[in-house]
Structures are given as structure tokens and as C-alpha cells.
Amino acid sequence: MQHTAVYDVAPRPAALNVWERRRNRQLHWLVECVAEATGTFLYTFSGAGATAAYVLGNILGLPGLGSVLQVGIAYAVGIALALAVCISTSHGQFNPGITIHAVVFRGLPPLKAFRRVVVPLPLVPFVGLTSPLSRYIIAQILGAYIACLLVYIQYKQLLHVAIDELKAKGTYDTMMFTPNGPGGIFGLYVNPGSDLGYVFINEFVCDFVLGLVIFACTEPGNNLSTPTTMPWLISLAYGVVVWGFAPVGLAANAARDLGGRFAAMTLFGRAASGGNYAALAALTNIPATLLAGVFYEFVLNDSMRSACFLSAPSLGPAR
């Protein structure tokens with residue numbers, strides 16, 4: 001196949017060409033992390049915005065503002081947008097589980113993985129601004145954190161009207177930090193009285209299915225998954241788990257969970273931490289994704305297949 005560089009089709013100003021050469025030689029790690037943060041931002045911004053409309057509409061008695069169907073579509077479209085915008089820069093992982101999988105199966109350097117996963121914001125002062133971990137603070141978790149804060153600002157007026165409504169009805173303490181409360185727009189919670197054992201099973205199965213679809217759709221030997229169809233196939237998988245299983249309790253992405261939980265705690269204090277569910281939501285995605293990778297590599301993958309030149313980009317290491 002003949003290779004045609006983008007600059008042959010769409011020439012850029014000389015100043016941008018100079019910056020691009022320097023960026024690719026010296027600052028590629030920074031650009032990759034910004035791309036990861038941007039992708040997670042787009043995914044979270046889309047889903048949290050739709051969740052805000054749904055939750056606040058129910059509290060304030062405004063019919064038609066949202067539904068679980070709308071929330072699922074928003075997350076699915078957010079995934080497609082994130083992949084379309086960022087995959088050519090960072091390979092579009094947007095998820096600590098996918099990043100760790102890339103270390104195990106795709107040769108991503110471990111140091112780069114830890115840089116992308118990021119330390120939690122409260123630990124930054126103890127890590128030091130000169131360490132590799134703190135330099136990559138702008139990666140996956142921070143993207144979700146920023147998205148949630150922006151959704152809060154955009155919905156602030158309606159949000160505080162809803163909070164006042166809950167206080168007037170005497171239901172603030174029982175509803176605020178649940179999937180149907182204002183806190184649930186940002187942090188991820190389960191309904192009061194939920195059995196966390198069943199929630200864990202729900203989370204693990206959904207994350208396993210998502211991982212399986214992602215690895216299949218990004219496999220170079222999959223002729224049905226092209227750069228055009230791959231984002232939408234993965235997006236539909238996210239839509240399926242949200243539509244069918246979000247009411248039980250679903251995070252599906254450790255970066256979305258931690259970024260949103262940090263944002264909720266920033267806005268509402270330690271009451272927004274999520275209790276025992278917090279660890280389940282943040283960690284289950286990682287072993288489930290790794291198990292999906294093992295299953296795909298040992299059962300479904302075959303390196304002897306012919307690679308399709310029109311297949312989707314791999315989730316392997318970026319440059």
C-alpha cells in the first residue's frame with residue numbers, strides 16, 4: 001500500500017511543523033498522557049452530563065429530561081468520540097485495566113503504564129513534582145476528574161435546587177449519595193441495602209465482556225473490525241452493559257470511578273467516599289479485564305491469521 005503523509009494532503013504552517021518535530025522527539029510522553037486524559041474526559045463528560053439530566057429531572061419532577069437509555073447512549077457515544085479523537089496519539093486505552101493488559105500482553109513498558117495510570121491526587125505532594133508519577137498526573141483519572149467538575153459547574157444551579165428539594169423533603173441523608181441522588185452524577189454508588197457480593201459478580205461479568213469485545217475489535221486479524229467500525233462496536237458493548245446492568249451497580253472503568261469519586265469528595269466532602277463499595281468499583285475492572293485478555297489470547301486469538309490492512313489500530317504501546 002502506498003503511504004501518503006498527512007502534510008502532503010493538508011500542509012501546515014512552518015511553526016506547527018517545528019513544534020510537531022520537537023513534540024514527537026522530546027515531548028511524546030506528555031502528548032500521550034494529554035490524549036489519555038482527553039479521551040477519558042470525553043467519555044466521562046458525555047455520560048455524567050446525561051446522568052445529571054436524568055437524576056435532576058427525577059428529583060425535580062421534570063419529565064423527559066433523561067432515562068437509562070439516554071445515559072447508555074451518552075456513554076457509548078462518548079467512547080466513540082474518545083477513540084476517534086485520541087486513538088492515533090495514545091492507542092486509546094482510557095482505562096487502567098486496558099493499560100495493565102497492554103503491559104502484560106502488548107509490550108507496553110511498565111514505567112509508561114504507571115505514568116498513565118497516575119497516582120491519586122491526594123498523594124501528589126508526597127510523590128514529588130519531579131518524579132515520573134507526578135509528571136503523568138494529567139492522565140486517565142485526572143481526565144475524568146476534570147469532566148465531573150465541569151459537569152458540576154454547568155449544572156450547578158439545577159443541582160443545588162435539587163439538593164434543597166431533598167433537604168425540604170427530609171430525604172437528603174438517604175438519597176444524596178445513591179445512584180438516584182445528586183452525588184451519583186459524579187461518584188458511582190449502589191442502592192441502599194445492595195448485596196455487594198451480587199454487585200461484584202455483576203461488575204466482574206460486565207467488565208469481562210467489555211474486555212473481550214475490546215480485544216477482539218482491536219485485533220489486526222479481525223476483518224470485521226475496521227477503523228471505521230471499531231469505535232462503534234466497542235461503544236455498543238458499553239451501551240449494552242449500561243442499559244442492562246447499570247441498575248445493579250456498575251463502574252466499568254477504574255479511571256471513571258476514581259476521577260468521579262475524587263470530584264464528588266472535592267464537592268461534597270468525605271461523605272461522598274462510597275464506603276465499602278468504593279474499593280469494589282475501583283479495583284474489579286482490572287482483574288476482570290486481565291482475565292478477558294487471558295481468555296482471548298489462549299482461546300480466540302490466532303497469530304497465524306492473515307492481518308487485515310484495514311483492521312482497527314491495536315491497543316499496544318504508543319511510540
Side-chain angles (χ1 to χ4, degrees), residues 32-33 36-37 39-40 43-44 47 75 79 82-83 90-123 132-133 136-137 139-145 187-190 196-218 234 237-238 241-242 245-246 248-262 273-299 301 314-318:
E32 290 168 12
C33 284
E36 286 292 300
T40 312
Y43 162 69
T44 305
Y75 273 114
I79 286 289
L83 290 169
S90 69
H91 285 257
Q93 294 167 4
F94 314 139
N95 184 330
I98 299 297
T99 300
I100 294 172
H101 172 272
V103 172
V104 177
F105 293 103
R106 304 294 175 91
L108 181 70
L111 180 59
K112 181 180 285 188
F114 284 116
R115 286 173 173 174
R116 286 186 181 180
V117 171
V118 182
V119 294
L121 291 176
L123 297 183
L133 290 177
Y136 281 80
I137 195 73
Q140 296 164 348
I141 296 173
L142 188 57
Y145 179 81
L188 302 176
Y189 307 99
V190 290
L196 292 185
Y198 290 110
V199 174
F200 170 79
I201 293 172
N202 182 73
E203 180 74 39
F204 195 95
V205 172
C206 289
D207 295 343
F208 180 91
V209 170
L210 287 174
L212 195 61
V213 172
I214 290 170
F215 303 140
C217 289
T218 55
I234 295 176
Y238 273 88
V241 298
V242 172
F245 304 99
V248 179
L250 181 67
N253 185 329
R256 163 65 183 97
D257 172 73
L258 289 173
R261 199 170 304 283
F262 290 153
S273 64
N276 293 333
Y277 174 66
L280 187 158
L283 299 176
T284 305
N285 167 255
I286 296 173
T289 302
L290 288 176
L291 183 62
V294 170
F295 179 82
Y296 185 78
E297 294 293 338
F298 280 87
V299 179
N301 198 8
S314 170
L315 290 177

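Worth saying up front: this structure is predicted, and the values here are computed from it rather than measured.
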- Message: For a quick test of reading the model, state the closest non-hydrogen atom pair linking A37 to A139 and the distance between them.
- Response: CB-O, 3.5 Å
- Task: Using ring-ring contact (aromatic ring centres under 6.0 Å, His included) as the criterion, list what pairs up with Y43, not counting sequence neighbours.
- Result: Y75, Y238
- Message: To check you understand the geometry: which heavy-atom pair defines the closest contact between G259 and A144, and what is its length?
- Response: CA-CB, 3.9 Å
- Sorted by chain and number, sequence neighbours left out, side chain to side chain contact (heavy atoms under 4.5 Å, CB included) with A246 holds for V242
- Query: Say you draw a straight line from CD1 of I214 to OG1 of T218; how long is it, rounded to the nearest 0.5 Å?
  - Reply: 7.5 Å
- Item | Distance (rounded to the nearest 0.5 Å) between I141 CD1 and L258 CG | 4.5 Å
- Query: Of all residues at least two apart in sequence or in a different chain, which pass the side chain to side chain contact (heavy atoms under 4.5 Å, CB included) check with L290?
  - Reply: I100, H101, V104, I286
- Query: Who are the ring-ring contact (aromatic ring centres under 6.0 Å, His included) partners of Y198, not counting sequence neighbours?
  - Reply: none
- Rounded to the nearest 0.5 Å, what's the gap from SG on C217 to CG on L212? Could you check? 9.5 Å
- Query: Do any pairs count as a side-chain hydrogen bond (donor to acceptor under 3.5 Å, both in side chains) and have a residue in residues 286-295, sequence neighbours left out, and if so which ones?
  - Reply: N285-T289
- Task: For R261 and G274, work out which heavy atoms get closest and say how close.
- Result: NH1-CA, 3.5 Å
- Message: To check you understand the geometry: which heavy-atom pair defines the closest contact between D257 and A251, and what is its length?
- Response: CB-CB, 4.1 Å
- Task: Apply ring-ring contact (aromatic ring centres under 6.0 Å, His included) to F208 and list each qualifying residue two or more places apart in sequence or on a separate chain.
- Result: F295
- Message: Looking at every heavy atom in both G249 and N202, which two are closest together, and how far apart are they?
- Response: O-ND2, 3.0 Å
- Item | Over all atoms of both residues, closest heavy-atom pair of S273 and A278 | O-CB, 3.4 Å
- Q140 versus T40, side-chain donor and acceptor atoms under 3.5 Å: no
- Item | Counterpart residues, side chain to side chain contact (heavy atoms under 4.5 Å, CB included), relative to A82 (two or more places apart) | L42, F94
- Residues in side chain to side chain donor-acceptor pair (under 3.5 Å) with D207, at least two apart? none
- Note on the structure: d(L142 CG, F262 CZ) to nearest 0.5 Å is 10.5 Å
- Item | Main-chain N/O of Q93 paired to E36 side chain as donor or acceptor, under 3.5 Å | yes
- Message: Looking at F204, I'd like to know if its CZ atom is crowded, meaning that more than 12 non-hydrogen atoms belonging to other residues, nucleotides or ligands lie closer than 6.0 Å.
- Response: yes
- Task: First locate atom CZ of F245, then atom CG of L250, and finally report the distance between them rounded to the nearest 0.5 Å.
- Result: 9.5 Å
- Query: Can you name the side chain to side chain donor-acceptor pair (under 3.5 Å) partners of T284, sequence neighbours left out?
  - Reply: none
- Message: For N253, give me all partners under side chain to side chain donor-acceptor pair (under 3.5 Å), at least two apart in sequence or on another chain.
- Response: none
- Does A237 have any side chain to side chain contact (heavy atoms under 4.5 Å, CB included) partners at least two apart in sequence or in another chain, and if so, which? L210, V213
